[in-house]
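To keep things clear, I will list the structure first and then write my remarks on it.
Chain identifiers are assigned alphabetically (A, B, ...) following the order of the sequence lines, protein sequences preceding nucleic acid strands; residue numbering begins at 1 within each chain. Atoms considered below: every heavy atom in the structure, side chains included; atoms not considered: hydrogens, waters and symmetry mates.
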Number of protein chains: 2
Amino acid sequence: MARKRLTREESRDQTNQRLLEAAAHVIAKKGFAAASVEDIAAHAGYTRGAFYSNFKSKSDLFIALLSQDHQCVQQDLQKILDAPLSMADMQQQISQYYVQVYRDEKNFILWAEARVLALRDAKFRARLNAYCLEKRDDIASIIEQFYKLLGTEPPAPPKDLAFGTMALIDGMRFFNETIPKELPDEAAMRTLAVMFNATFFK
Amino acid sequence: MARKRLTREESRDQTNQRLLEAAAHVIAKKGFAAASVEDIAAHAGYTRGAFYSNFKSKSDLFIALLSQDHQCVQQDLQKILDAPLSMADMQQQISQYYVQVYRDEKNFILWAEARVLALRDAKFRARLNAYCLEKRDDIASIIEQFYKLLGTEPPAPPKDLAFGTMALIDGMRFFNETIPKELPDEAAMRTLAVMFNATFFK
DNA sequence: GAATTCAGATACATAACTGTATTAGAGTGC
DNA sequence: GCACTCTAATACAGTTATGTATCTGAATTC
């Protein structure tokens, strides 16, 4: 099993990526504030030296992490959104969205953490708001497209309805994550479907 | 201005209350993890000694704080919920609920923080879930009452619809709090009204 | 009013984290 | 293969937190 000798750039990228992965893990587990730079570096198999040589600060790293995840998710979602829309799959699209926005529990926790951070930290808030608005606009454009197809007027500005959609999805996901016994997957999905059907097909 | 001489119990209660208020302030400002016991005690005008003589730990204090706020909010909400229901005020009740669940920004942040903590800490989760279910059941019972009045079947189990209601309200509040420019109060309320009307009056 | 008890202050012993400055060692270019 | 340049390790100095153990003074009890 000959290990390839890495060039500087490859090696640096590898370290960078490992630090990001470690950060995702440690932050999801302990929370952003409680996750020390040392923790993260050690979990990636490095020391603090490596950390500071790759990132300016812990915030910096977290933003890089979120940014990477956001790009990744947006790409996946784009596929859903790009598919030509028929009224029948609206509902299916929504549940697909629900499933895909946060790929797994870890990512969900990461973004929940980030949102809370954003309440306090203006720099974070600016970043997250940008991502949030990207998503909102994507969804708003689906909604517009949908009502054009339907030939009727939307019951509220599409952008606001998009916020509503995101709010509902995020909120239900939260309950589903913290009280799965009371709100299992199927119940969450069914309720989402009922509420979205009602508001969009009314 | 003669200051009343306090009995031991009065004095202790006062300290306790001051620590709780200080904690609310400091935790909302810095976050639970970053708020040190020293911070909190100092902000209340005491030293750490006072803190440890009143609470077992920081978690302990936070739970006491949340518990107190929950009781308080539940009382207020009970008044809304106890008012006899007519179909016409359903919508008004909901926007009143929206306004009252978190009395101000500070409380909103506190609960957001708590929810994230709950994702990691089982003890916290148990507490918050209990509060959450109390609210859900209150809302579910309004919904039931409402459909009885209407003489029709609800489109989904009232308890699930209640989760949906809470999810939507919390989620919208979050956007309204972090991107007020994009989702001002009126837009948030109007969208909530549209979505709730659709699902409940469909 | 002396003895006691309890709230809260102070002192202490540790532990952990931060960021920088310096150093070692492995890629790179001539 | 020698000088150089970068990545990551190490050493260091300083800060901030934790919880306990002990002490003090004001309330309480008799």
Side-chain angles (χ1 to χ4, degrees), chain A residues 2-65 113 117 120-121 123-124, chain B residues 1-23 25-65 113 117 120-121 123-124:
Chain A
R3 184 158 310 152
K4 189 195 160 210
R5 222 158 194 285
L6 301 172
T7 70
R8 279 206 179 134
E9 206 190 340
E10 286 171 327
S11 162
R12 185 163 235 278
D13 286 353
Q14 191 184 62
T15 307
N16 214 278
Q17 199 51 42
R18 282 183 183 161
L19 282 171
L20 285 171
E21 279 160 25
H25 187 263
V26 177
I27 293 175
K29 190 174 165 193
K30 302 184 153 195
F32 178 74
S36 72
V37 169
E38 181 113 41
D39 265 344
I40 295 170
H43 195 272
Y46 298 93
T47 63
R48 243 167 330 127
F51 182 98
Y52 283 109
S53 128
N54 278 274
F55 298 96
K56 258 202 0 264
S57 65
K58 202 170 59 168
S59 299
D60 207 57
L61 167 98
F62 195 24
I63 287 177
L65 177 58
E113 186 79 32
L117 232 60
R120 276 188 284 276
D121 181 326
K123 194 177 156 196
F124 251 90
Chain B
M1 200 62 150
R3 183 157 312 152
K4 192 196 159 210
R5 223 154 195 289
L6 301 173
T7 69
R8 277 205 180 134
E9 207 191 340
E10 286 171 327
S11 163
R12 186 164 234 279
D13 286 353
Q14 192 184 63
T15 307
N16 214 277
Q17 198 51 41
R18 281 183 183 160
L19 283 171
L20 285 171
E21 279 160 25
H25 187 263
V26 176
I27 292 174
K29 191 174 164 194
K30 302 183 151 198
F32 178 73
S36 72
V37 169
E38 180 113 44
D39 266 343
I40 295 170
H43 196 271
Y46 299 93
T47 62
R48 243 165 331 126
F51 182 97
Y52 283 109
S53 128
N54 278 272
F55 298 97
K56 257 202 359 264
S57 66
K58 203 169 60 168
S59 298
D60 206 57
L61 167 98
F62 195 24
I63 286 177
L65 176 60
E113 186 79 32
L117 233 61
R120 276 188 286 275
D121 182 326
K123 194 177 158 197
F124 251 90

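Residues passing the salt bridge (charged side-chain N to carboxylate O under 4.0 Å, His left out) test with A:Asp121, sequence neighbours excluded: none. Evaluation of the salt bridge (charged side-chain N to carboxylate O under 4.0 Å, His left out) rule for B:Arg120 yields A:Glu113 as partners, not counting sequence neighbours. Looking at residues two or more places apart in sequence or on another chain, you find no salt bridge (charged side-chain N to carboxylate O under 4.0 Å, His left out) involving A:Asp13. For the salt bridge (charged side-chain N to carboxylate O under 4.0 Å, His left out) test, residues two or more places apart in sequence or in another chain that qualify with B:Arg48 are B:Glu38.
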May I have the list of side-chain donor-acceptor pairs in residues 25-33 of chain A shorter than 3.5 Å, sequence neighbours left out?
| unit_1 | atom_1 | unit_2 | atom_2 | d |
| --- | --- | --- | --- | --- |
| A:His25 | ND1 | A:His43 | NE2 | 3.3 |
| A:Lys30 | NZ | A:Asp39 | OD2 | 2.8 |

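Rounding to whole angstrom units, CG of residue B:Asp39 and P of D:dA17 are separated by 6 Å. If you measure from atom CD of B:Glu9 to atom P of C:dC6, you get 13 Å, rounded to the nearest angstrom. Between the P atom of C:dA7 and the CD atom of B:Gln17 lies a distance of 17 Å, rounded to the nearest Å. One atom, CD of B:Glu10, and another, P of C:dA7, lie 14 Å apart when rounded to the nearest Å. Atom pair B:Leu61:CG and D:dT18:P shows a separation of 12 Å (rounding to whole Å applied). Note: CZ (B:Arg18) to P (C:dA7) measures 16 Å, nearest angstrom. Summarising the geometry, the separation between CD on A:Glu38 and P on D:dA9 is reported as 11 Å, rounded to the nearest angstrom.
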For nucleotides 8-16 of chain C, list the nitrogen or oxygen atoms of the protein found under 3.5 Å from its nitrogen or oxygen atoms, one pair per line.
| unit_1 | atom_1 | unit_2 | atom_2 | d |
| --- | --- | --- | --- | --- |
| C:dG8 | OP1 | B:Thr15 | OG1 | 2.1 |
| C:dG8 | OP2 | B:Thr15 | OG1 | 3.4 |
| C:dG8 | OP2 | B:Asn54 | ND2 | 3.2 |
| C:dA9 | OP2 | B:Thr47 | N | 3.0 |
| C:dA9 | OP2 | B:Thr47 | OG1 | 2.7 |
| C:dA9 | O5' | B:Thr47 | OG1 | 3.4 |

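Across A:Ala64 and A:Phe55, no two heavy atoms sit closer than the pair CB-CE2, 4.1 Å.
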